[in-house]
There are 2 protein chains.
Amino acid sequence: MGVIERIRHNVAAVELPLDRILKGDCVEHMRGLPDKSVDMIFADPPYNLQLGGDLFRPDGSQVDAVDDDWDKFDTFAAYDRFTRDWLTEARRILKDNGTLWVIGSYHNIFRVGTAVQDAGYWILNDIIWRKSNPMPNFKGTRFTNAHETLIWASKGEKARYTFNYRAMKTLNDELQMRSDWEFPICGGQERLKKGGTKVHPTQKPEALLYRILLACTKPGDVVLDPFFGTGTTGAVAKRLGRRWIGIDREGLYIEAAQERIAAALPLDESAVVTMQSPRAQPKVAFGLLIENGLLKPGTVLTDARRRWRATVRVDGSLEAGTESGSIHKLGAALQGAPSCNGWTFWHYEDANGLKPIDALRQTYLLATQP
Amino acid sequence: MGVIERIRHNVAAVELPLDRILKGDCVEHMRGLPDKSVDMIFADPPYNLQLGGDLFRPDGSQVDAVDDDWDKFDTFAAYDRFTRDWLTEARRILKDNGTLWVIGSYHNIFRVGTAVQDAGYWILNDIIWRKSNPMPNFKGTRFTNAHETLIWASKGEKARYTFNYRAMKTLNDELQMRSDWEFPICGGQERLKKGGTKVHPTQKPEALLYRILLACTKPGDVVLDPFFGTGTTGAVAKRLGRRWIGIDREGLYIEAAQERIAAALPLDESAVVTMQSPRAQPKVAFGLLIENGLLKPGTVLTDARRRWRATVRVDGSLEAGTESGSIHKLGAALQGAPSCNGWTFWHYEDANGLKPIDALRQTYLLATQP
DNA sequence: GCAAGCTTTGAATCGCATT
DNA sequence: AAATGCGATTCAAAGCTTG
């Protein structure tokens with residue numbers, strides 16, 4: 001079945017509000033849609049962040065928190081009820097060979113994943129969106145929260161879902177597409193703004209939806225997004241020749257989404273190129289060599305002429321007498337220089353003499369890069 | 001408290017089977033351990049029912065591998081009970097400021113995460129272990145499952161957990177450590193083998209435990225691993241000068257673990273030292289700089305961009321027009337910020353330009369420290 | 001006009017010791 | 001137990017201003 005035939009077939013078979021945004025509660029609107037009628041459901045539900053007081057950056061400016069009412073739930077139990085409700089309707093609407101995608105963070109994704117399994121879906125993969133430019137942890141109290149998690153599930157273990165394996169492999173330079181994807185957060189020209197401020201606090205990047213729709217739908221397939229927001233799903237679906245249905249409560253988001261999707265054009269060659277993520281730069285931190293046993297804490301390093309010496313500590317810092325710091329900082333401090341490339345400055349001794357620690361970095365890269 | 005003192009203190013305070021492996025069911029053995037007695041629990045529980053074999057109900061009976069829908073529910077329910085049971089005991093044993101780490105895959109991590117939250121733990125981060133050399137998806141039916149997920153949680157929202165921020169930042173070449181970590185899977189010399197075959201199917205890499213223990217424990221802290229397997233947690237704990245307790249049912253794993261840990265060498269105490277936060281440095285009152293002549297009353301200070309200026313008074317307060325106060329208070333007031341670090345906010349002019357007054361503090365510390 | 005530097009910002013569960 | 005004071009804390013990308 002070709003593209004056009006498929007579209008005609010889908011339209012004829014059921015009465016769906018295709019390529020439209022429905023305003024209101026997502027569960028109520030889903031109740032109005034027929035059984036087994038959509039090919040994919042992409043959902044970006046509220047994360048239930050449970051944020052505390054105000055957060056200030058080191059420079060004194062305030063972080064613009066997600067404090068919208070739609071993200072507030074009284075208890076985990078209330079959030080679980082909400083999740084079960086929309087997942088149940090979604091399952092009824094989904095075709096037997098359709099798939100579900102949900103995105104979330106550690107605040108909600110475990111509850112969502114449990115509910116997905118309890119509702120009878122079969123998880124196919126969890127996917128990590130690694131943010132190339134996440135917001136830092138300003139207070140230095142935790143690890144930088146640098147990713148979000150997506151769940152991809154079919155309606156059951158035996159379902160024959162769509163997975164465009166070749167397309168994914170091609171997109172990834174002839175290597176199987178992995179479960180960790182790197183994209184920047186949504187910003188720049190792509191980020192919808194009104195009067196200088198963002199329209200939606202959590203707009204998703206089109207690159208993310210592009211990969212999902214390309215991987216798991218065929219041209220003409222119908223994608224339902226019950227938390228449509230500013231319509232990333234609709235915009236990408238239109239560009240990729242897929243049909244879409246959006247549901248959202250907020251008139252402001254709906255207006256912005258309609259305008260955006262109207263302006264979206266079917267994809268051309270040049271756009272494909274820009275949508276692809278740049279290949280991740282292999283970057284090796286000095287600490288990795290220690291964690292991986294290429295260099296032992298307690299090892300003594302020297303510069304090439306053995307004028308300075310320092311001892312490696314467990315955290316990858318170096319110690320020289322009363323001074324200590326990273327390989328770069330300590331090298332600079334000892335030389336009285338403004339900066340120093342620790343990789344080429346510091347050397348270790350092996351059977352064949354003195355070698356720069358950069359040699360160990362090369363060894364590590366060779367051992368770990370495909 | 002130094003390393004040795006800390007170890008003595010911990011040993012004296014409670015009667016723990018330190019640096020030993022307990023053979024048998026983890027929940028039963030945990031019941032024998034005292035309340036609030038360990039600093040960290042690292043758990044690598046069985047991942048899933050469908051993979052079969054090593055999942056047991058709390059009563060010790062084995063869960064059958066089944067694929068019927070209602071049985072699936074039965075299976076999930078059994079897994080949830082099992083998870084709640086060990087998490088509950090773990091919580092009782094954990095010190096109020098201790099933390100929990102759990103590792104899992106999409107088969108079980110959502111259920112575990114939900115149980116962690118329901119038990120009252122407070123999730124601090126979820127961490128992604130990105131495998132640099134994952135097993136490919138042979139059939140080409142899904143994305144390559146190239147990661148596992150870890151959950152890091154405290155006992156509650158207000159708990160004051162250990163996080164060695166500076167050590168992590170140093171380990172990562174002076175950038176904040178992110179929530180996505182890349183390591184190779186466990187192989188090569190590190191992988192325990194007997195007669196050419198691997199001893200344990202899911203042996204974790206030491207690099208993973210190294211980062212966890214370095215980030216979230218102090219030397220001498222006690223780590224409990226209720227699913228000890230071949231003892232990666234124990235081997236790394238010994239290396240890093242931490243104490244450990246392991247629990248496992250399988251005699252084969254216990255033997256291998258004991259041999260392995262006996263062969264592990266503790267690092268020299270000086271190498272275990274990590275970079276400290278400035279908070280751990282001795283405090284210097286601003287007034288000390290004036291009393292010691294490093295800064296003269298009447299000196300004009302400005303911020304880095306010279307937007308505000310203030311005059312140093314004899315008592316170490318600053319004056320700016322009608323406002324005055326400590327270096328911190330005045331900095332905060334002028335910016336309209338809730339707080340301000342006066343040491344880095346205020347600058348003085350010397351021959352080479354504008355410098356933060358923190359430079360003077362460093363000069364003072366260097367001159368007065370032994 | 002272009003380069004260099006400065007400013008802003010992004011789904012965030014973001015301090016701690018003393019009084 | 002609650003309030004107060006000290007002072008620790010950010011990365012990458014985009015947009016804008018200055019030279």
Side-chain angles (χ1 to χ4, degrees), chain A residues 44-68 70-73 76 103-109 129 131-149 183-191 193 196-198 200-205 227 229, chain B residues 97 117 121-126 152-154 156-161 163 165-166 169 172-179 276-281 283-286 304-305 307 325-329 331-332 337-346 357-358 361:
Chain A
D44 181 10
Y47 286 9
N48 189 23
L49 288 184
Q50 303 179 266
L51 300 180
D54 294 339
L55 178 64
F56 293 87
R57 302 164 195 265
D59 68 3
S61 66
Q62 189 173 350
V63 174
D64 182 20
V66 177
D67 54 2
D68 307 70
W70 50 253
D71 196 49
K72 290 185 169 51
F73 295 83
F76 279 137
I103 183 168
S105 66
Y106 68 84
H107 309 85
N108 72 324
I109 198 64
W129 168 27
K131 302 180 182 184
S132 54
N133 51 348
M135 192 186 303
N137 181 288
F138 296 114
K139 301 292 188 190
T141 55
R142 304 177 180 194
F143 299 97
T144 305
N145 192 8
H147 73 274
E148 294 190 22
T149 301
F183 299 111
I185 57 177
C186 183
Q189 294 300 313
E190 187 185 326
R191 187 84 192 212
K193 289 183 183 161
T197 58
K198 57 194 176 192
H200 195 284
T202 71
Q203 186 182 336
K204 295 295 174 285
F227 308 95
Chain B
N97 291 329
Q117 289 180 314
Y121 294 92
W122 189 250
I123 297 181
L124 299 167
N125 276 119
D126 59 338
W152 177 40
S154 67
E157 188 176 354
K158 305 293 180 197
R160 297 215 290 250
Y161 53 90
F163 179 56
Y165 176 76
R166 276 301 326 172
K169 190 164 174 175
N172 195 37
D173 275 359
E174 294 301 321
L175 285 181
Q176 283 192 340
M177 188 66 82
R178 297 169 40 117
S179 57
Q276 296 296 306
S277 128
R279 188 180 295 283
Q281 291 178 1
K283 276 189 198 173
V284 177
F286 180 63
R305 285 177 264 162
R307 291 198 283 198
S326 72
I327 54 171
H328 313 296
K329 280 267 165 101
S339 67
C340 165
N341 182 348
W343 290 109
T344 51
F345 178 75
W346 292 109
I357 55 175
D358 198 38
R361 178 165 63 159

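Lettering of chains follows the sequences in order, A, B, ..., and the numbering in each one begins at 1.
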Query raised in the report: Hey, does B:W152 have a side-chain heavy atom less than 4.5 Å from the side chain of B:Y161?
Result: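 Yes, close enough: below the 4.5 Å cut-off.
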Requested in this report: With the side chain counted from C-beta on, respond yes when A:P201 and A:D64 share a heavy-atom pair under 4.5 Å apart, and no when they do not.
Outcome: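 A:P201 does not reach A:D64 side chain to side chain.
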For residues [X] and [Y], report the shortest heavy-atom separation together with the two atoms involved.
| X | Y | answer |
| --- | --- | --- |
| A:R142 | B:L124 | NH1-O, 3.0 Å |
| A:D71 | A:N48 | OD1-N, 2.8 Å |
| A:I109 | A:G104 | CD1-N, 3.7 Å |
| B:Q276 | B:R166 | O-CG, 3.5 Å |
| A:H107 | A:N145 | CE1-ND2, 4.4 Å |

If I take atom [atom1] in residue [X] and atom [atom2] in nucleotide [N], what distance separates them, rounded to the nearest angstrom?
| X | N | atom1 | atom2 | result |
| --- | --- | --- | --- | --- |
| B:M177 | D:dC11 | CE | P | 12 Å |
| A:Y106 | C:dT13 | OH | P | 3 Å |
| B:E174 | D:dC11 | CD | P | 9 Å |
| A:R142 | C:dG15 | CZ | C1' | 12 Å |
| B:I357 | D:dC6 | CD1 | P | 13 Å |
| B:Y161 | C:dC16 | OH | C1' | 12 Å |
| A:D54 | C:dG15 | CG | C1' | 15 Å |
| A:N108 | C:dA12 | CG | P | 13 Å |

Which value, in whole Å, describes the distance between the [atom1] atoms of nucleotides [N] and [M]?
| N | M | atom1 | value |
| --- | --- | --- | --- |
| D:dG7 | C:dT19 | P | 14 Å |
| D:dA8 | C:dT13 | P | 23 Å |
| C:dT7 | C:dA11 | P | 23 Å |

Query raised in the report: Given that A:N137 and B:S339 both sit by DNA chain D, which one's nearest nucleotide is further toward the 5' end?
Result: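 Going by which nucleotide is closer to the 5' end, it is B:S339.
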Query raised in the report: Of B:Y165 and A:Q189, whose closest DNA chain D nucleotide lies nearer the 5' terminus?
Result: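 Result: B:Y165.
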Taking 4.0 Å as the cut-off, does a side-chain nitrogen or oxygen of [X] come that near to OP1 or OP2 on [N]?
| X | N | answer |
| --- | --- | --- |
| B:N341 | D:dA8 | yes |
| B:R361 | D:dC6 | no |
| A:K204 | C:dA11 | no |

Query raised in the report: Base, sugar-phosphate alone, or nothing: which one does A:T144 contact when heavy atoms must sit under 4.0 Å apart?
Result: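 No contact at all - A:T144 keeps every heavy atom at 4.0 Å or more from the nucleic acid.
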Query raised in the report: Base, sugar-phosphate alone, or nothing: which one does A:G187 contact when heavy atoms must sit under 4.0 Å apart?
Result: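 No contact at all - A:G187 keeps every heavy atom at 4.0 Å or more from the nucleic acid.
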Query raised in the report: In B/S/- notation, 5' to 3', how is nucleotides 5-10 of chain C contacted by protein heavy atoms closer than 4.0 Å?
Result: --S-BB
Report task. Report the distance from atom CD of A:E148 to atom OG of B:S179, rounding to the nearest 0.5 Å. Result ->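 That separation rounds to 10.0 Å.
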Query raised in the report: Taking atom OH of A:Y47 and atom CD1 of A:I103, what is their separation to the nearest 0.5 Å?
Result: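 The OH atom of A:Y47 sits 4.0 Å away from the CD1 atom of A:I103.
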Query raised in the report: Starting at the 5' end of DNA chain C and moving along, which residue's nearest nucleotide shows up first, A:Y47 or A:K139?
Result: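 Comparing both residues, the 5'-ward one is A:Y47.
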Requested in this report: Classify the side chain of A:K131 versus the base of C:dA11 as yes if they form a donor-acceptor pair under 3.5 Å and no if they do not.
Outcome: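 Per atom types, no contact qualifies.
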Query raised in the report: In what stems does DNA chain C take part, counting only runs of at least 3 consecutive Watson-Crick or G-U pairs whose two distances fall under 3.5 Å?
Result: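 Stems for DNA chain C, defined as runs of 3 or more consecutive pairs: C:2-10 with D:11-19, C:15-19 with D:2-6.
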Query - Parallel, tilted or perpendicular: rings of B:W343 and B:F286 (30°, 60°) - result: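 It falls in the perpendicular class, over 60°.
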Report task. With syn defined as a glycosidic angle within 90° of 0 and anti as everything else, classify D:dT4. Result ->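 Anti conformation for D:dT4.
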Query raised in the report: Between C:dA12, D:dC11, D:dG5, which one does the side chain of A:V66 approach most closely?
Result: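 The closest nucleotide is C:dA12.
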